[in-house]
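Below is one structure; the comments refer to it alone.
Atoms within a ligand are numbered from 1 in the order they appear, just like the ligands themselves. All residue numbers in this chain count up from 1 along the given sequence.
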Amino acid sequence: MKILPLVIAPDPLLKEVSKPVEKVDDSIKKLMKEMLNTMYAQRGVGLAAVQVGVLKRIVVIDTDYEADDHDHDHGHCGGIHVKNTNPRYFVNPQIIQFSKEISPYNEGCLSFPDARSEVNRPKTVTVKYLDENGVEKLEEMSDLNAVCIQHEIDHLNGITFVDHISKLKRDMILNKMKKLKRL
Ligand code: NI
């Protein structure tokens, strides 16, 4: 399965608002599988479609899997094998309820290689979405899953984790990204 090229900050695409998916058809299912494969290859825990250049409201998450490095890269695995995966698919996800309780998490993002910063978000959220079969679901998510789904839904709205931190920290991270791009 394909590994898709990631959109890396700073990129104007990351500020675009993604469009709702009308139908969860085979092309959407294929895209979601490729997004997951791309995410696993980078050891990520969440990915939004905009991060592979597709402006559709699609998120994949897996906060519970094991990854093994290995020396060879067959071209399809990025040199990482994963096992015991628990992939989750969210089409048109919407948060309909936030907890009052806030918790901090040291977030990273596959569009910001090697950058991390603590972000405060509601600890628990209730999410409405379509699953990989197009069935509407309602789910309460907390802790790391809540961090992930909030971070990824932000992406669908053109918001990244650096928009939640101080200007000083944000500028530091963005300058680092600009330097990386010039290398
Ligand atoms: Ni991200």
Donor + acceptor pair across side chains of D62, T85 (<3.5 Å): no
query: Are side-chain heavy atoms of H155 and F161 found at a separation under 4.5 Å?
result: no
- prompt: For the Ni ion (ligand 1), how many protein N, O or S atoms lie at less than 2.8 Å?
  reply: 3
Residues that K19 engages under side-chain contact (heavy atoms from CB on, under 4.5 Å), provided they are two or more places apart: none
- prompt: Should we say atom CD of E118 is surrounded by more than 12 heavy atoms from elsewhere, each under 6.0 Å from it?
  reply: yes
- line: V91 and D131 have their tightest heavy-atom pair at CG2-O, 4.4 Å
field: Residue K181 excluded, over 12 heavy atoms near NZ under 6.0 Å
entry: yes
